[in-house]
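Following: one structure in structure tokens, then a few remarks.
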Amino acid sequence: MRIQSVVLRERGGPFKIEDVELADPGPDEVLVEIAGTGFCHTDLLPRSHGFMAEPPLILGHEGSGVITAKGAAVRDVAVGDSVVLSFDHCGTCTACEDGHPAYCRSFWGRNMVGRSKAGGERVLDMAGTPIGAHWFGQSSFASHVVVAARNVVPVPKDVPLELLGPLGCGVLTGAGSVSRVLRVAEGSSTAVFGAGTVGLSAVMAAVAAGADRVIAVDLHRSRLDLALELGATDVVHAAGLSSTEIAERVVKLSEGGTHTALDTTGSLPVVAAGVAALRTRGTLGMVSAVKGDIVVSGDALATGKTVTGILAGDAVPRMLIPELIDLWRAGHLPFDRLIRTYPIGDINQAEADMASGLTIKPVLIPGAFS
């Protein structure tokens, strides 16, 4: 079928609206008409020279929509179901079977290359040239996508479907890191470094968990103000501060250091501040890759501090996403306050607004190609 999509044609180039041909779903796949798709910083990685995913590509990995067709072998979802799309995984390796699909043995090949491991592409441009359309198993910057049935999460029909896409990645990562890995507990203290989508989702999840002290750290005053509105007890405006000064402020606010902390920045100095801000036996989770080596001092090790990497919140999307929707219904996870919607034809403006900090989480509406 002919659909509309957003194509990245060259590294460093702009996104372009194009008509493309999409293949029918295979036996274990479903066709989804996209209602909305979040725009994440990860969608910019293929612009970088040397990155594993090469243009031409359709990006996007926070899609939501309605199933309009399914393969003959699909049994657990039906045409007409509202769904959120999440990352791809094999479903059969040890990590997947143990409930840790984000650590699937083939995660990187399935999600970060942008092309199907099985070979052949499901999308061709009007000249018949294949276009990569398997970014995180979905490539949701399009009016329609074909995805593996195991990667869709059914959701209720009475929720704002066009806004739910970020639950599949950004919100999932922040909230999952807090609840599944750091296990922020009632009465505990935590610090979140970086107040973007992931960081603010972590703040909301920590508040929902009953943490007594939730400290947000960021360079942007406006984002810290929003963190306070979302329930953070304290904020640290990091502009002009050294990592030592940031850590000292967090330690003071938490009366001796936090039980847990989450870094969403990937900045080595911020990671150092996060480790220094922990109390004895505290744990720092990291959701962003850093450039360079992380150095943990002997003093930190001697006091039982732990630094752990976290991918996609270590979540099982079909379990966590319904929980996040329940929290939203109860008023405990107002992730919609992070969102600004754009017609998908305005994707380059959405990118600029995200880069400037004007918009925390752009959501593109494919019904508005222009």
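Below, each value reflects all heavy atoms present in this structure, side chains not excepted, and no hydrogens, waters or symmetry copies. Just so we're clear, the structure is a prediction, and the values are computed from it rather than from any experiment.
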query = Quick check: are there more than 12 heavy atoms from other residues, nucleotides or ligands sitting under 6.0 Å from CE of Met319?
reply = no

Donor on one side chain, acceptor on other, Thr283 and Thr260, under 3.5 Å = no

query = Looking only at atom types and distance, does a side-chain atom of Lys305 sit under 3.5 Å from a main-chain N or O of Leu278, one as donor and one as acceptor?
reply = yes

From Arg249, Lys252, Arg213, residue fulfilling side chain to side chain donor-acceptor pair (under 3.5 Å) relative to Asp234 = Arg213

query = So, are Arg279 and Glu255 salt-bridged, with charged N and O less than 4.0 Å apart?
reply = no

note = Correct closest heavy-atom pair for Gly257 and Ser189 would be O-OG, 3.8 Å

key: hydrophobic_cluster_shared for Leu161 and Phe141, side chain cutoff 4.5 Å   = yes

key: Residues Ile67, Val83; criterion side-chain contact (heavy atoms from CB on, under 4.5 Å); working and verdict   = CA-CA 7 Å; Ile67 296 176; Val83 294; 3.9 Å; yes

task = Applying side-chain contact (heavy atoms from CB on, under 4.5 Å), run through Asp43 and Glu351 and close with a yes or a no.
result = CA-CA 10 Å; Asp43 293 316; Glu351 179 186 347; over 6 Å; no

key: Under-4.0 Å salt bridge between Arg47 and Glu10   = no

key: Main-chain N/O of Thr303 paired with Arg281 side-chain donor or acceptor, under 3.5 Å   = no

message = Tell me which one of Asp88, Asp76, Asp28 satisfies salt bridge (charged side-chain N to carboxylate O under 4.0 Å, His left out) with Arg150.
response = Asp88

message = Using a 6.0 Å distance limit plus a 45 degree cone around the ring axis, check whether Arg110 lies over the aromatic ring of Phe136.
response = no

task = Would you mind checking if Glu323 and Arg180 are paired as a salt bridge, meaning a charged N to carboxylate O distance below 4.0 Å?
result = yes

message = Any carboxylate oxygen within less than 4.0 angstrom of a Lys/Arg side-chain nitrogen, looking at Asp125 and Arg9?
response = yes

inquiry  = In this structure, is the centre-to-centre distance between the rings of Phe39 and Tyr342 below 6.0 Å?
reply    = no

inquiry  = Go through it in stages, so that I can follow the logic: the residues are Leu85 and Asn151, the test is side-chain contact (heavy atoms from CB on, under 4.5 Å), and I'd like the CA-CA distance, side-chain angles, deciding distance and then a yes or no.
reply    = CA-CA 6 Å; Leu85 313 182; Asn151 299 333; over 6 Å; no

query = Thinking salt bridges, do Arg115 and Glu54 make one under a 4.0 Å N-O criterion?
reply = no

query = Judged by atom type as modelled, is there a donor-acceptor pair below 3.5 Å linking the side chain of Asp19 to the main-chain atoms of Met126?
reply = no

request  = Answer yes if the side chains of His134 and Ser116 hold a donor-acceptor pair under 3.5 Å, and no otherwise.
outcome  = no

request  = Walk me through it: do Ile215 and Ser254 pass the test side-chain contact (heavy atoms from CB on, under 4.5 Å)?
outcome  = CA-CA 8 Å; Ile215 304 167; Ser254 59; 4.1 Å; yes

message = I want to check something: taking the side chain as every heavy atom from C-beta on, are His144 and Gln4 in contact at a cut-off of under 4.5 Å?
response = no

